[in-house]
Amino acid sequence: MARNSRHRSVVRRILKGLFTSLVALLLLSFAVVLPLRWIAPPTSAFMLLDDSGRVPPMYIWTDWSDLGDAVLLAVVAAEDQKFAEHYGFDLSSIKDSLDSAGDGGRLRGASTISQQVAKNLFLWPARSYVRKGLEAYLTAVIEVSLPKKRILEIYVNIAELGPGVFGVGAASEIYFGKTPSDLSDSEASLLAAVLPNPIRLRIESPTEFLRERQVWILDQLSRLRREQWIRRVSAD
């Protein structure tokens with residue numbers, strides 16, 4: 001009986017410790033993410049891990065009101081057209097990716113803008129189950145803590161758009177000599193076209209593939225503008 005009592009006591013202490021740790025993790029997560037509603041992130045994990053040789057990485061924060069709709073629509077068109085509808089995870093795209101992999105195809109990326117904010121801000125590039133698990137957890141925290149408009153504003157400001165170049169403010173200045181709001185639809189679409197791989201795909205020397213992707217994004221951008229997409233996400 002004494003042995004069983006001691007065993008139960010040990011189990012209770014372990015469970016209590018786990019519960020306390022989970023609560024502390026949850027509180028810490030919100031303490032880190034919630035201030036981003038009002039404060040621009042001074043840097044990101046990807047900037048700190050950057051090995052392009054550009055020291056420091058080029059990063060210019062641009063407020064929503066100074067971004068212009070072309071850049072915002074181009075990025076949404078390129079990366080996550082269901083952004084306004086989902087809660088951080090595009091379940092249909094995840095299912096399609098898993099189905100393709102199950103049929104012998106390559107496991108395609110199905111990350112949303114919210115997931116990419118979680119990864120770029122707090123995690124590291126290499127794929128692993130640990131990183132994906134942390135990414136999913138942080139994505140949920142971000143979706144609960146921040147409005148869609150703010151999530152998108154953060155993403156376009158921290159996304160890598162060239163070696164050592166982070167955010168549309170820096171990319172617009174370096175590659176076009178303009179501010180984001182002065183970019184044409186075509187320029188914004190070219191900028192967004194490199195997002196799958198901004199190291200291999202280069203704005204300053206676009207390949208045929210990049211040009212084809214630019215044209216596709218430009219068409220999607222025009223459709224989103226007709227649908228008044230910016231007004232919808234701004235009202236949320």
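Every value quoted in this text rests on a predicted model; they were computed, and no experiment measured them.
Expressed to the nearest 0.5 Å, how far OG of Ser234 lies from CG of Leu152 amounts to 9.0 Å. Atom CG in Leu73 sits 4.0 Å away from atom CD1 in Ile230 (nearest 0.5 Å). Remark: Asp185 CG to Leu221 CG distance equals 5.0 Å, nearest 0.5 Å. Considering CD1 of Ile199 and CG of Leu161, their distance stands at 10.0 Å, rounded to 0.5 Å.
Within the 4.5 Å cutoff, the side chain of Tyr137 has heavy atoms near those of the Leu26 side chain. In this structure, Gln220 and Gln81 have side chains that are in contact, with non-hydrogen atoms separated by less than 4.5 Å. Contact check for Tyr59 versus Pro41: side-chain heavy atoms found under the 4.5 Å cut-off.
Within the 3.5 Å criterion, the main-chain N or O of Trp64 finds a donor-acceptor partner in the side chain of Glu153. Glu187 contributes a side-chain N or O that, together with a main-chain N or O of Ser184, makes up a donor-acceptor pair within less than 3.5 Å. Proximity of a side-chain donor or acceptor of Asp80 to a complementary backbone N or O of Ile113 within less than 3.5 Å is detected. Without hydrogens or angle criteria, Arg202 side chain to Gly162 main chain gives no donor-acceptor distance under 3.5 Å. When atom types are taken as modelled, the side chain of Arg54 and the backbone of Val165 share no donor-acceptor pair closer than 3.5 angstrom. Looking only at distances, a side-chain donor or acceptor of Thr112 sits under 3.5 Å from a matching main-chain atom of Gly88.
Hydrophobic clustering (ILVMFWY, side-chain heavy atoms < 4.5 Å, transitive): Ile217 and Leu224 are in distinct clusters. No single ILVMFWY cluster, assembled from side-chain heavy atoms under 4.5 Å apart, contains both Val215 and Leu210. Linking Ile, Leu, Val, Met, Phe, Trp and Tyr residues whenever their side-chain heavy atoms come within less than 4.5 Å places Val194 and Phe209 in a single cluster. Leu36 and Phe46 fall within a single hydrophobic cluster, where Ile, Leu, Val, Met, Phe, Trp and Tyr side chains are chained together by heavy-atom contacts under 4.5 Å.
In terms of heavy-atom proximity, Trp216 sits nearest to Ala78 at CZ3-CA, 4.5 Å. When all heavy atoms are compared, the tightest approach of Arg131 to Ala126 is CD-O, 3.4 Å. The heavy-atom pair separating Ala192 from Arg213 by the smallest distance is O-NH2, 4.2 Å. Heavy atoms only, all atoms of each residue included: Gln214 and Ser186 are closest at NE2-O, 2.9 Å.
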>> Walk me through whether Lys82 and Glu85 qualify under salt bridge (charged side-chain N to carboxylate O under 4.0 Å, His left out).
In response: CA-CA 5 Å; Lys82 298 178 183 177; Glu85 285 76 46; over 6 Å; no
> side chain to side chain contact (heavy atoms under 4.5 Å, CB included) between Lys148 and Ser114: does it pass, once the steps are laid out?
Replying inline: CA-CA 9 Å; Lys148 287 286 189 179; Ser114 301; 4.3 Å; yes
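Between the side chains of Asp50 and Ser52, at least one donor-acceptor pair of N or O atoms lies under 3.5 Å. With no hydrogens or angles considered, no side-chain donor-acceptor pair links Asp219 and Ser222 at under 3.5 Å.
Looking at Val76, Val75, Val168 one by one, the single match for side chain to side chain contact (heavy atoms under 4.5 Å, CB included) with Tyr155 turns out to be Val75.
Taking Leu138 as the reference, Ala118, Phe122, Leu123 meet the side chain to side chain contact (heavy atoms under 4.5 Å, CB included) condition, with sequence neighbours excluded.
In this structure, Glu208 places its CD atom where only 12 or fewer heavy-atom neighbours from other residues, nucleotides or ligands lie under 6.0 Å away.
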